[in-house]
Amino acid sequence: MTSLAEKLSDVIGAVFAAHDLPETLGHVRVSDRPDLAQFQCNGAMAAAKLAKKNPREIANDIAEKLKDEPALSKIEIAGPGFINLNITDEFLAMHLAGITGDERLGVAAFASEGEEIVVDYGGANVAKAMHVGHLRPTIIGDCVKRILDFAGYKALGDVHMGDWGLPMGQIISEFEELNPDWIYFDSDIEGPYPETPPFSYSELEKIYPEASIACKADSARLEKAKQATKDLQDGRPGYRALWQHFMGLSKDNLKRNFDSVGVHFEIWKGEADVNSLIPAVEKDLREKGLVAESEGALVVPVSEESDKKEMPPLMYYKSDGAMTYGTTDLATIYDRVQLYGEALAKIVYVTDKRQNLHFEQVFRAAGKAGYAIEAPELVHIGFGTLNGPDGKPFKTRDGGVMRFDQLVSMAIDKAMQRLMEADLAGDFDDSEKQNIAHKVGVGAIKFADLSNQPHVDYIFDMDRMVSFEGKTGPYLQYQAVRIKSLLRKAEGQGDAPGCDFIIKDEDRALALLLTEMPDVFELALQNYMPHHICEYAYKLASAFSSFYANCHILSEKDEALKASRLALCDLSRRQLELTLGWLGIEVPERM
RNA sequence: GCGCCCGUAGCUCAACCGGAUAGAGCACCGGUUUUCUAAACCGGGGGUUGCAGGUUCGAGUCCUGCCGGGCGCGCCA
């Protein structure tokens, strides 16, 4: 199964090959001049360069050979050597019947049996409230995971919590400052410690900002925090017990936040989980001659002769002996390779693009150490900053940082408000209204985010996003809902989607569009760019909406045409639900 | 200083290995509901793709220089 354009590419590629030209020149794509043709092949012009011939001449030769191709209804040469193609409605109908009968709607699997990919995303931290900055890694990472999953990989999301650095020491020493009599701080005692923490999650959450400010203002406090960090990492029992409390409370809170947007992780590890591997990795690096002492620190030089820019070494141990996130990231690769072995095809990181240099260092070090040479492939998806309508980093009206849960409930509230205004929800009970508002609000946020290319900064405008008009998540959900409703009505009057497609003028645009999905999926998969899927899903919803406005389906007198159109509706619905599913957006039954 | 990313309609964004007349949404103007959900549909205006060169049959896309914005550059994560 493939896209229609790919089928045509095979046919035309064979003709190019028969002329001793590269088969890839036969690449056919959807025409960007729909007024002239449905598909186009630009290979004749590239071939002209290679063969030093006139492009139109080559195009004519190719066209001549295609004359008897039954799938094609029109072959024209235009401009400098474009080959314009139309297909017959019969061929189109046959293709649609093919994908209708396919569970995967024509999208091929890309992975071999058993290949696994770890997707490291979310950017969650222990003891820190999730805020607007966690939106992008959560949404993009989840989407990437879903795409990889559909491609046939076993995609494992790892939340990889920030649970081991200086912030931990800062919180511990802040608690010590406030409650010096707590049992956790008595270095003569090694436990047992209380099962339940002496503080709540919301108290914990407030401590970190206070500790951070205190350390900035007072270098002695910072030193204490650094010492606490080191002691924690070295295993001081009281600190470890306290830290376990942070972990328990924080995980519950993170799960609540991620659950609220339908994001779930297979792996709940963090930086701390590789703590015990740090010395082993160090030993390994030493044996391989990869480390150097520098200014009291232990580093892994990763610069290369060919480097145009300065490439600082990866810091393994700081001069105070503490580890950095470079240490834990490298050890985590080591850990994953040990754990998954040959099955591990890739490790994909979704973080802020400002960490580009960091990941380049880590990846180079992993390559030098032999943890990731051919496989696993290490991929960093760096996304851009989320800005407010003023183009500066997003802030609340009073200049603060917006919390994640606050943001989500704002969108849901807006969706609820719209639902009431629309006057469609009169007979829905409260729980269904809640359910719809939730799906619509979250869908709006996700679609708005994923519509942008990952690496660019983008402007997050809540008002625009929750207008729910035009190119928004709710528009797509709405179209899917209309189809579902239509299909229910059809069933009620005894009509069902047929197996044969009849292509009239009113059907053709939608029918042609429905053949493109596999190419879009491949594009998004190979470049880790969900916005291509957004674009396609929107085009599909829009094409359906036009079709729907143009043809009254249930009153169609021609029974065969009615069945065909219902089949077109059903295929549109399946594609919409599938593509939205890749984006992590759910479609309600009605809205 | 060195390096990376970005600059496209009033605003927010697309444009698949370089392809034909650069597309959407919002906003603006006008129209559509006794039939399947109007969170909809149809039509209209709106562009020297930051600037200047270059490569090419062909450049928003590739190369060089400049202007403007963002970010990064060993002991924060």
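Note that the coordinates shown come from a computational prediction; the quantities given were computed from them, not determined experimentally. A note on names: the letters A, B, ... follow the listed sequences, proteins ahead of strands, and every chain is numbered from 1.
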Checklist entry - Is K433(A) positioned over the aromatic face of F428(A), cation under 6.0 angstrom from the ring centre and no more than 45 degrees off axis? => result no
Scan [X] against the nucleic acid and name what it touches under 4.0 Å (heavy atoms): base, sugar-phosphate only, or nothing.
{"X": "M45(A)", "result": "base"}
{"X": "C551(A)", "result": "base"}
{"X": "L486(A)", "result": "base"}
{"X": "Y538(A)", "result": "sugar-phosphate"}

Checklist entry - Among side-chain atoms of N42(A) and H27(A), is any donor-acceptor pair under 3.5 angstrom? => result no
Return the pairing partner of [N] with a 3.5 Å limit on both distances, Watson-Crick or G-U wobble; otherwise return none.
{"N": "rU34(B)", "value": "none"}
{"N": "rA14(B)", "value": "none"}
{"N": "rU56(B)", "value": "none"}
{"N": "rG7(B)", "value": "rC67(B)"}
{"N": "rA20(B)", "value": "none"}
{"N": "rC73(B)", "value": "rG1(B)"}
{"N": "rC28(B)", "value": "rG44(B)"}

Taking OP1 and OP2 of [N], is either one under 4.0 Å from a side-chain nitrogen or oxygen of [X]?
{"X": "S485(A)", "N": "rC36(B)", "value": "no"}
{"X": "T324(A)", "N": "rC75(B)", "value": "no"}
{"X": "Y475(A)", "N": "rC41(B)", "value": "yes"}
{"X": "K128(A)", "N": "rA77(B)", "value": "no"}

Go through [options] for me and flag the one nearest to the [X] side chain.
{"X": "L166(A)", "options": "rA15(B), rC76(B), rA39(B)", "value": "rC76(B)"}
{"X": "L419(A)", "options": "rG72(B), rG25(B), rA39(B)", "value": "rA39(B)"}
{"X": "R29(A)", "options": "rC16(B), rU12(B), rU37(B)", "value": "rC16(B)"}
{"X": "Q479(A)", "options": "rA40(B), rA15(B), rU12(B)", "value": "rA40(B)"}
{"X": "R482(A)", "options": "rA20(B), rA39(B), rA38(B)", "value": "rA38(B)"}
{"X": "D32(A)", "options": "rG19(B), rA39(B), rA77(B)", "value": "rG19(B)"}

Next on the checklist: Using a 5.5 Å cut-off between ring centres and planes within 30 degrees, is H552(A) stacked on the base of rU35(B)?
Outcome noted: yes
Item to check | F82(A) over rA20(B), stacked by centroid distance under 5.5 Å, angle under 30° | outcome: yes
Next on the checklist: Please report the distance, rounded to the nearest Å, between CD1 in I83(A) and P in rG19(B).
Outcome noted: 16 Å
Item to check | Rounded P spacing from rG72(B) to rA77(B) in Å | outcome: 16 Å
